Amino acid sequence: MNDITQQSEDLTTRAWRRFKANRRGYYSLWIFTFLFVFSLFAEVISNDKPLIVYYQGSFYFPLVKTYPETAFGGDFATEADYTDPHVRQLIEAGDNWAVYPVNPYRYDTINYFTHHPNPAPPSTDNLLGTDDRGRDVLARLIYGFRLSILFAFVLTVIGVLLGVLAGAMQGYLGGRFDLFAQRLIEIWGSMPELYLLIIFASLFEPSVLLLIVLLSLFGWMGLADYVRAEFLRGRNMDYITAAKAMGVSNRAIMFRHLLPNSMTPVITFLPFRISAAIMALTSLDYLGLGVPPTTPSIGELLAQGKENIEAWWLSMTTFGCLVGTLVLLIFIGEALREALDIRRG
């Protein structure tokens, strides 16, 4: 048992060394991880509310609690508008002070004090300009990037679970079950996915949850084919035959013996599955079939860039963000494929 564990650790160590040897994929992994972790703190990095306010001897935390304007010496009992120069002047008067995020705009904050018509070009106030409604492009990119990555992760996890389960059952059971399941998959895969999305978008209110459910119905089939092939190849090997002769249950054989040896294509294709999920969400948002209009989205920014050709900052920055993300994921996928190739030394 110790020898088997040691051998498994040696294989993992060698795979990690091969992955690190691919500098392009290794550095891409670090860059992507940094950008994703950075986006998780979007509310702290890009927000129209101060992080901390010190006013007349008391501390206020607008990110976690709502304060009226009268709390800072204003005239209205409604929530303070921290982008209003008058409110900022009240907060920062005398010994009072406030700490603002690096980018003082949220994804839905409208800059009413810009000196240019919207969409406004990049300036010191809006580093990447504003969209056609006066919202900060940098803020919408940060929030939209986070939404795209989290959406892709959830969709990939669901697709992997369904694909592994379907492929494992087909490959292990084989025979008539495999033949019948393959015909069902072919029929299901031939259904027009885009038309179904258009129909459901007209029947239900657009939401992220609805997109995840609809795309999950089709996103598992490609991976199931690879898992099925690995199980078909491994189910007749000697150690599987010996396990059956010893009375090991089919469930234990499938998920304890065959599945670990069939995970190479699954792990290899994970970055490409994430890329496909990001592109799916971006395409649907671009066509107006994705998330609600108020939700920050890369596809919605691309659509604005198409409608406002003269506003080059909308198209260029959004296109750069999307392409950069996909390139990083492709480099990571290539490095994983080389690292898991047992033919390499």
Side-chain angles (χ1 to χ4, degrees), residues 30-116 118-151 153 208 291 294-298 300-301 313-314 316-318 320-321 324-325:
W30 279 106
I31 295 173
F32 178 80
T33 303
F34 171 78
L35 293 176
F36 175 59
V37 174
F38 178 84
S39 68
L40 291 179
F41 299 92
E43 284 78 10
V44 179
I45 298 168
S46 182
N47 207 311
D48 56 2
K49 298 179 180 180
L51 303 178
I52 303 175
V53 174
Y54 179 79
Y55 184 79
Q56 294 184 355
S58 300
F59 287 96
Y60 298 86
F61 302 92
L63 282 183
V64 297
K65 187 176 180 180
T66 301
Y67 299 102
E69 186 178 312
T70 53
F72 307 109
D75 301 323
F76 301 102
T78 56
E79 182 180 0
D81 182 8
Y82 300 97
T83 62
D84 188 346
H86 176 65
V87 176
R88 289 200 173 194
Q89 184 178 4
L90 291 174
I91 293 176
E92 298 174 358
D95 296 332
N96 307 320
W97 52 268
V99 178
Y100 291 90
V102 177
N103 187 46
Y105 299 98
R106 220 167 75 104
Y107 67 87
D108 56 353
T109 304
I110 298 178
N111 187 1
Y112 293 104
F113 306 98
T114 181
H115 301 290
H116 302 277
N118 294 318
S123 63
T124 54
D125 293 332
N126 304 100
L127 298 180
L128 296 182
T130 63
D131 63 5
D132 55 5
R133 301 178 188 177
R135 299 171 298 190
D136 186 68
V137 174
L138 176 59
R140 293 189 68 79
L141 276 180
I142 295 174
Y143 284 87
F145 175 81
R146 181 180 65 177
L147 175 64
S148 299
I149 301 301
L150 292 177
F151 176 88
F153 281 169
V208 177
V291 296
T294 56
T295 307
S297 167
I298 295 178
E300 188 261 347
L301 279 174
W313 55 91
L314 289 174
M316 294 299 293
T317 56
T318 309
C321 176
T325 303

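For this chain, numbers begin at 1 and follow the sequence in order. Owing to the predicted nature of the structure, the values given are computational and were not obtained by experimental measurement.
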Backbone of [Y] reached by a side-chain donor or acceptor of [X] within 3.5 Å:
X: Thr325; Y: Cys321; result: yes
X: Arg88; Y: Tyr82; result: yes
X: Asn111; Y: Phe113; result: yes
X: Asn96; Y: Gln56; result: yes
X: Trp313; Y: Ala120; result: yes

Do the two ring centres, one from Tyr55 and one from Tyr67, sit under 6.0 Å apart?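 Centroid separation for Tyr55 and Tyr67: 6.0 Å or greater.
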With Arg146 as the cation and Tyr107 as the aromatic partner, state whether NZ or CZ is under 6.0 Å from the six-membered ring centre and within 45° of the axis.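 Ring-cation test returns no.
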Atom [atom1] in [X], atom [atom2] in [Y]: separation rounded to 0.5 Å?
X: Ile91; Y: Phe72; atom1: CD1; atom2: CZ; value: 5.0 Å
X: Asn47; Y: Asn103; atom1: CG; atom2: CG; value: 9.5 Å
X: Ile31; Y: Leu35; atom1: CD1; atom2: CG; value: 7.5 Å
X: Phe145; Y: Leu40; atom1: CZ; atom2: CG; value: 9.5 Å
X: Thr317; Y: Leu141; atom1: OG1; atom2: CG; value: 5.0 Å
X: Ile110; Y: Thr83; atom1: CD1; atom2: OG1; value: 10.0 Å

Grab the two heavy atoms, one from [X] and one from [Y], that are nearest each other, plus how far apart they are.
X: Pro296; Y: Tyr143; answer: CG-CB, 3.6 Å
X: Tyr60; Y: Ala71; answer: OH-O, 4.2 Å
X: Gly57; Y: Tyr54; answer: CA-OH, 3.3 Å

For Leu314 and Asp131: C-alpha separation, side-chain torsions, deciding distance, then whether side-chain contact (heavy atoms from CB on, under 4.5 Å) applies. CA-CA 7 Å; Leu314 289 174; Asp131 63 5; 4.0 Å; yes
Considering only heavy atoms from C-beta outward, does the side chain of [X] approach that of [Y] to under 4.5 Å?
X: Leu51; Y: Pro101; result: yes
X: Phe36; Y: Ser39; result: yes
X: Val53; Y: Pro62; result: yes
X: Asp125; Y: Tyr105; result: yes

I'd like to check the side chain to side chain donor-acceptor pair (under 3.5 Å) partners of Asn118; sequence neighbours left out, ordered by chain and number. Thr130
Mutual orientation of the aromatic rings belonging to Phe59 and Trp97 [parallel < 30°, tilted 30-60°, perpendicular > 60°]: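 Rings of Phe59 and Trp97: perpendicular, as their planes differ by over 60°.
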Verify side-chain contact (heavy atoms from CB on, under 4.5 Å) between Phe32 and Ile149, making sure each step is shown before the conclusion. CA-CA 10 Å; Phe32 178 80; Ile149 301 301; 3.8 Å; yes
Between Arg133 and Glu300, is the closest basic N to carboxylate O distance under 4.0 Å?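 No salt bridge links Glu300 with Arg133.
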Does Phe76 CZ have over 12 foreign heavy atoms under 6.0 Å away? no
